[in-house]
Amino acid sequence: MSDRQLLVTAALPYANGHIHLGHLVEYIQTDIWVRFQKLRGRKCVFVCADDTHGTAIMIRARHEGRPESELIADMQAAHERDFRGFDIEFDHYGSTNSEENYELCKDIWSSLRQANLIAEKDVEQLFDPVAGTFLADRFVKGTCPHCKTPDQYGDNCSKCGETYAPTDLIDPVSTLSGATPVTKSANHLFVQLEKQHEFLEQWTQSGEHLQTEVANYLKGHFLGNPLRDWDVSRPDPYFGFAIPDSPNNYWYVWFDAPIGYIASTWQWCKKNNESLADWWKNDQTEIHHFIGKDITYFHTLFWPGVLKAAGYSLPKFVHIHGFLTVDGEKMSKSKGTQVQASTYLKHLDPAFLRYFYASKLGPKLDDIDLNITEFINKVNSDLVGKVVNLASRSARFVETTGLAVEYPHDGGLFSTAAIAGERIAQAYDELDYARAMRIIMELADQANAYVENTAPWTLKKDPTQHVRLQEVCTVVLNLFRQLCIYLTPVLPRLANQCGQLLNANISSWSDSQTPLVGTTVSKFEHLLQRIAPEKVHAMIEESKESTQEPAATTPTVEASATPVDSGDALLQEPLAPTCTIEDFTKVDLRVARIIKAEEVPEAKKLVKLTVSLGGDNTRTVFAGIKAAYSIEQLQGRLVVIVANLLPRQMKFGLSEGMVTAAGPGGTEVFLLGIDSGAVPGQRVH
RNA sequence: GGGACCGUAGCUCAAUGGUUAGAGCAGGGGACUCAUAAUCCCUUGGUUGCAGGUUCGAAUCCUGCCGGUCCUACCA
C-alpha cells in the first residue's frame with residue numbers, strides 16, 4: 001500500500017445527451033470503488049469531465065441558434081446535477097473544452113510529432129457549400145458507384161457491400177442542406193498506430209491491464225493485422241481545438257477526449273496544490289479507467305499508444321463493463337425503459353439503484369439486467385427487511401439508556417463479522433460487488449437470527465431484565481453498524497444516518513473492527529422507505545412521455561401537459577433535399593394488407609410478408625422489423641407500402657416493395673398505419 | 001456467414017480439476033409479534049444446454065452440435 005496512490009476515471013459523458021440509467025452503471029460502479037478505496041485509507045482521486053467537441057455538437061448548436069459554449073455549459077450543469085443526485089462524488093469534474101486540455105493536446109501532439117508518428121495525407125472529401133462544412137461519411141448519400149443502387153451512405157453500399165470513399169458516390173447529396181457537395185481536398189493528419197504494434201501487443205496481452213475477454217478480443221480483431229492509421233484531424237469548420245501547426249485543421253473529438261482525463265486531473269492539481277507529474281508521470285500512481293465495452297478500441301489501443309509515445313503513465317487497468325438491459329431487453333424509449341437520471345430521482349431514492357447495481361455487478365463485462373420485479377423485491381427484502389430492520393427492531397429499546405459501556409458477549413458474532421470484513425474488502429477491490437453484497441447479506445441474516453433468539457421484546461416486559469435488554473440491543477446495533485460500514489461505498493447516506501443514530505460517525509473501514517460502546521442513541525426514524533411498485537411504474541410511464549419532452553438543451557423545464565417534441569429525431573436524420581410534387585408522385589404509396597407473415601429463421605432482422613393490394617394482387621416484401629413485431633401482430637394488419645419500387649433480390653428471396661416505418665431500427669421500428677376506412681390498393685396522396 | 005462472450009433450481013447468481021453442485025428471491029409448511037406484513041425455523045426444487053473425449057476424479061479442460069447476447073455482413 002504505502003506510497004501508492006490511485007487515479008480513477010469514468011468515461012466522459014458526451015455533451016449531446018442526458019444521463020440515463022445505462023450510463024449510471026458505470027458511474028455508480030466507479031464511485032463505489034473510489035469510495036471503498038478512500039474508506040480503506042488509500043489516497044485516491046476520481047476525475048471526470050464533459051466531452052464537448054465534435055460535429056454533432058456543432059450541428060446541434062446551429063439548429064438551436066446559439067453558440068456551442070452555451071449548449072455545452074447547460075449540458076454540463078445538467079450532468080453534474082444528475083451525478084450529485086446519485087451521490088456520485090468526483091474530486092473534480094472538468095470539461096474537454098478547457099484551457100488545460102488545449103495545453104495538453106498541444107504538448108502531446110508535439111511529442112507525437114517528435115516520435116515521428118504523425119503522417120499527413122491529402123484527403124479528398126465532400127464539402128457542403130451551403131452549410132459551409134465538410135461532410136462526414138454519414139452526412140452524404142448518393143448512388144453506389146459499383147452496383148448503382150441509389151441512396152447509399154458515403155462509406156459503403158448496403159446492397160453490394162462495397163466500401164468506397166464518399167467522393168466516389170454518383171450524384172452525392174448533403175443530408176444537412178440537400179445541396180450538391182463539391183469535392184475539396186484537405187490535408188488530414190494521421191497517427192500511425194502500427195508503429196506501436198509491438199508495444200501494444202505486449203501491453204494488451206500481458207494479462208495485467210485488461211480482462212482476459214478484452215485481451216482476446218483485441219488479439220482476434222485488431223492485432224492480427226497491421227493497425228490502421230488513425231485520422232485525428234478535421235478541417236474547418238469544426239467545434240474543437242485548432243491544431244497549431246496545421247492551419248485550418250482541428251483535432252478530432254476522439255483525440256482530445258481522453259486527454260480530458262489528464263486535463264481534469266490538472267485542474268484538480270491546481271486547486272489542491274499538487275503536481276500533475278506526480279499523477280501522470282509517476283510509477284507510484286495507479287491509473288484506473290472505467291469504461292463501457294463500446295469504447296474498448298480507443299482506450300485499449302489508441303490511448304495507450306498515445307500515452308506511451310508522449311511519455312505519460314500507462315493505465316494500470318482498464319476496467320470494462322457491459323451494457324444495461326431492462327427486463328431482459330435493450331432500453332427502449334417507447335417502452336419507457338430508457339429512464340433518465342433526473343426522471344428516476346423524481347420518483348425513487350438513489351440508494352435503491354446503487355444497491356441493486358452493486359448486487360449485480362461483477363468483474364466481467366457481462367451485460368447486467370434491471371428486472372423491475374427483481375429490483376423491487378431485492379431492495380425491499382435486503383435493505384429494508386434485513387439491514388435497516390436491525391436498527392428498527394432494537395434502537396427504540398435503548399433510546400433512553402444508550403449503548404452499554406462494555407461490549408457484552410455475543411457468541412462471537414461481532415468478531416466473525418469483523419473477520420469477514422477482509423473477504424468483503426477483497427471483493428470490493430476486485431470489483432466483485434455482487435460477492436461483497438452476498439457476504440454482507442449473510443451477516444445480516446445472522447444478526448436477525450440473533451434478535452430472534454434473544455427476543456428483546458420479551459426482556460422489555462421484565463424489569464429485572466433491563467440490563468440484559470441493553471446488552472442485547474448493544475449487540476444488535478453494533479452488528480447493524482458493522483453492516484453500514486461495509487455498505488458505506490454503496491450507500492453513503494445510510495452510513496451517515498447510522499452515524500447520527502449512534503452518535504459516532506463512520507470514517508474508516510477499520511471502524512468495523514471495534515465495537516462501539518457507551519454512546520447515546522438518537523430517536524429512531526426510518527432510514528429507508530420501501531419501494532412502492534406504483535412509483536416504479538409511474539417512473540416508467542413518465543419516461544414514455546419524456547421522449548416528447550424538451551431535450552438536453554432545456555434541462556430545467558419540467559414535463560408539461562402539452563407534449564413538446566424534442567429535435568433529437570430530426571437531428572439523427574436531417575431533412576432530405578427539397579423535392580417537387582412531381583418527384584413525390586414518382587413514389588407510389590399504397591395501402592396493403594398483410595395476408596401472410598412468415599419467419600425467416602436464418603435472417604436476423606428480416607420478416608417475409610405477403611401483402612395484398614386487393615383482388616388477386618399480392619406480392620412478397622421483406623421487411624427488417626423482426627425485432628419489433630411478432631408474426632401474430634403483423635398478420636392481417638394494414639400497412640403502407642412503396643408499391644412501385646424496383647424489386648430487389650435479397651438473400652432469402654425477391655422483395656417486391658417496401659413497408660414504410662419510422663424509427664432508428666432494432667426494436668424501435670414503428671409501422672405506418674392508416675385510419676379505418678382505407679382499403680388495400682388505395683393510393684396515398 | 002465470420003469473430004468475441006456465455007449457457008448451473010421457476011428467477012438472479014455461487015462453486016482454485018477434488019466430499020452428496022450451493023445461496024438469495026419466488027413456492028409449500030410452521031413459529032413469533034420488537035420491527036416499514038418486516039423476521040426466524042423447516043421444506044419442495046437439478047440428467048450443470050446436448051453428445052463425445054482427456055482424467056483416479058469434470059459444472060470446471062478439449063472437440064462437435066444446439067441455444068442466447070454483442071461486434072460485423074442482408075433493415076428496397
Side-chain angles (χ1 to χ4, degrees), chain A residues 149-152 156 158-161 211-221 224 293-294 296-297 322-323 325 328 330 356 359-360 362 364-369 371 373-378 380-386 388-397 432 434-435 437-439 441-442 444-445 447-461 469 472-473 476 524 526-532 600 602-607 621-628 641-642 644-652 654-661 663-666 669:
Chain A
T149 308
D151 206 28
Q152 296 304 307
N156 65 66
S158 65
K159 182 175 176 188
C160 65
Q211 287 128 301
T212 48
E213 304 97 298
V214 178
N216 290 343
Y217 165 76
L218 296 175
K219 193 172 186 170
H221 262 76
K293 61 185 181 184
D294 50 330
T296 299
Y297 177 88
F323 296 143
T325 56
K330 225 181 235 182
F356 186 77
S359 77
K360 303 294 273 186
K364 300 229 179 132
L365 38 67
D366 301 335
D367 291 351
I368 68 168
D369 185 48
N371 178 284
T373 312
E374 191 193 354
F375 171 65
I376 296 168
N377 284 343
K378 196 172 195 80
N380 285 345
S381 159
D382 288 359
L383 291 186
V384 182
K386 290 180 179 178
V388 161
N389 193 32
L390 289 169
S392 190
R393 58 197 312 205
S394 60
R396 279 187 257 256
F397 294 132
D432 199 344
R435 182 153 55 97
M437 296 307 108
R438 237 178 289 127
I439 300 171
M441 288 311 138
E442 271 173 39
D445 285 341
N448 272 300
Y450 175 84
V451 178
E452 207 69 23
N453 295 332
T454 50
W457 55 93
T458 314
L459 300 174
K460 193 192 173 200
K461 290 171 189 157
L469 176 65
V472 164
C473 292
V476 176
F524 181 78
H526 281 175
L527 303 170
L528 273 177
Q529 298 300 321
R530 305 173 67 75
I531 303 183
V600 184
E602 316 89 90
K604 286 189 178 170
K605 295 177 183 168
L606 296 177
V607 172
V621 176
F622 287 90
I625 55 176
K626 188 170 188 169
I641 67 164
V642 183
N644 62 339
L645 195 63
L646 183 70
R648 176 164 178 201
Q649 185 60 47
M650 299 185 67
K651 190 171 173 182
F652 311 110
L654 190 68
S655 187
E656 306 164 305
M658 174 171 149
V659 174
T660 55
V669 176

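Here is the naming used below: chain letters follow the sequence lines, and residue numbers restart at 1 for every chain. Predicted, not measured: the structure shown is a model, and the values here were computed from it.
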Secondary structure of RNA chain B in dot-bracket form (Watson-Crick or G-U wobble, distances below 3.5 Å, | marking inter-strand pairs)
(((((((..((((....[...)))).(((((.......))))).....(((((..]....))))))))))))....
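Separating the P atom of B:rC50 from that of B:rC11 is a span of 15 Å, rounded to the nearest Å. The P atoms of B:rA23 and B:rU44 are separated by 12 Å, rounded to the nearest whole Å. The P atoms of B:rG22 and B:rG18 are separated by 14 Å, rounded to the nearest whole Å. Atom P of B:rA31 sits at a distance of 34 Å from the matching atom of B:rU12, rounded to the whole Å. Rounded to whole Å, the separation between the P atoms of B:rG46 and B:rG10 comes to 7 Å. B:rA15 sits 11 Å from B:rG7 when the P atoms are compared, rounded to a whole Å. Of the P atoms belonging to B:rU19 and B:rA59, the separation is 11 Å, rounded to the nearest Å. Using P as the reference atom, B:rU43 and B:rG24 are 12 Å apart when rounded to the nearest Å.
As judged by a 4.0 angstrom heavy-atom cut-off over every strand, A:L383 is placed among residues making no nucleic acid contact. A:A623 comes within 4.0 angstrom of sugar-phosphate atoms only, judged by non-hydrogen atoms across all strands, and of no base. Residue-level contact check: A:V642 touches neither bases nor backbone, having no heavy atom under 4.0 Å from any strand.
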I'd like a table of atom pairs between the protein and nucleotides 4-8 of chain B - only N or O on both sides, under 3.5 Å - with the distance next to each one.
unit_1: B:rC5; atom_1: OP1; unit_2: A:N216; atom_2: ND2; d: 3.0

Polar atoms only, N or O, under 3.5 Å: list the protein pairs with nucleotides 41-43 of chain B and their distances.
none

Under 3.5 Å, N/O pairs linking protein and nucleotides 21-30 of chain B:
unit_1: B:rG24; atom_1: O3'; unit_2: A:K386; atom_2: NZ; d: 3.4

Check nucleotides 31-34 of chain B for protein N or O atoms closer than 3.5 Å to its own N or O atoms and list the pairs.
unit_1: B:rC34; atom_1: O2; unit_2: A:R393; atom_2: NE; d: 3.1
unit_1: B:rC34; atom_1: N3; unit_2: A:R393; atom_2: NE; d: 3.4
unit_1: B:rC34; atom_1: N3; unit_2: A:R393; atom_2: NH2; d: 2.7
unit_1: B:rC34; atom_1: N4; unit_2: A:R393; atom_2: NH2; d: 3.1

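Taking CG of A:L469 as the reference point, atom NZ of A:K461 lies at 12.0 Å (rounded to 0.5 Å). Here A:I368 contributes atom CD1 and A:T325 contributes atom OG1; the two are 8.0 Å apart, rounded to the nearest 0.5 Å. Going from atom CG of A:N389 over to atom CG of A:L528 covers 12.0 Å, rounded to the nearest 0.5 Å. Going from atom NZ of A:K378 over to atom CG of A:N371 covers 11.0 Å, rounded to the nearest 0.5 Å.
Scanning both residues, A:A391 and A:L527, for their nearest heavy atoms gives CB-CD1, 4.1 Å. Closest approach of A:K386 and A:A444 over heavy atoms only: CB-CB, 4.1 Å. Pairing each heavy atom of A:L390 with each of A:V476, the nearest pair is O-CG1, 3.6 Å. Listed here is the closest heavy atom pair of A:A434 and A:S359: CB-O, 3.4 Å. Considering all non-hydrogen atoms of both residues, A:P456 and A:V451 come closest at CD-O, 3.4 Å. Nearest heavy atom pair, residue A:I531 against residue A:N380, reads N-OD1, 2.7 Å.
Rounded to whole Å, the distance from NZ on A:K293 to C1' on B:rU69 is 7 Å. Between A:N371 atom CG and B:rG10 atom C1' there is a gap of 13 Å when expressed in whole angstrom units. As rounded to whole Å, 10 Å separates atom P of B:rU36 from atom CZ of A:R530. Between the CE atom of A:M441 and the C1' atom of B:rU12 there is a distance of 15 Å, given to the nearest Å. Summarising the geometry, the separation between CG on A:D432 and C1' on B:rA15 is reported as 13 Å, rounded to the nearest angstrom. Going from atom CG of A:N389 over to atom C1' of B:rU36 covers 8 Å, rounded to whole Å. If you take CE of A:M437 and P of B:rA14, they are 15 Å apart, rounded to a whole angstrom. Between A:D367 atom CG and B:rU69 atom P there is a gap of 11 Å when expressed in whole angstrom units.
With sequence neighbours excluded, the residues that form a salt bridge (charged side-chain N to carboxylate O under 4.0 Å, His left out) with A:E452 are A:R393.
By the neighbour-count criterion of 12 heavy atoms within 6.0 Å, atom NZ of A:K293 is densely surrounded, having more than that number from other residues, nucleotides or ligands.
In the set B:rU39, B:rC70, B:rU36, the nucleotide with an atom closest to the side chain of A:N448 is B:rU39.
With RNA chain B read from its 5' end, the first of the two nearest nucleotides for A:N453 and A:Q529 is the one closest to A:Q529. Along RNA chain B, the nucleotide nearest to A:G385 and the one nearest to A:K360 differ in position, and the one closer to the 5' end is contacted by A:K360.
The pair A:K360-A:D369 does not meet the salt-bridge criterion, since no charged nitrogen lies less than 4.0 angstrom from a carboxylate oxygen.
Within the 4.5 Å cutoff, the side chain of A:F397 has no heavy atoms near those of the A:L459 side chain. Residues A:L383 and A:F356 are not in side-chain contact: their nearest non-hydrogen atoms beyond the backbone lie 4.5 Å or more apart.
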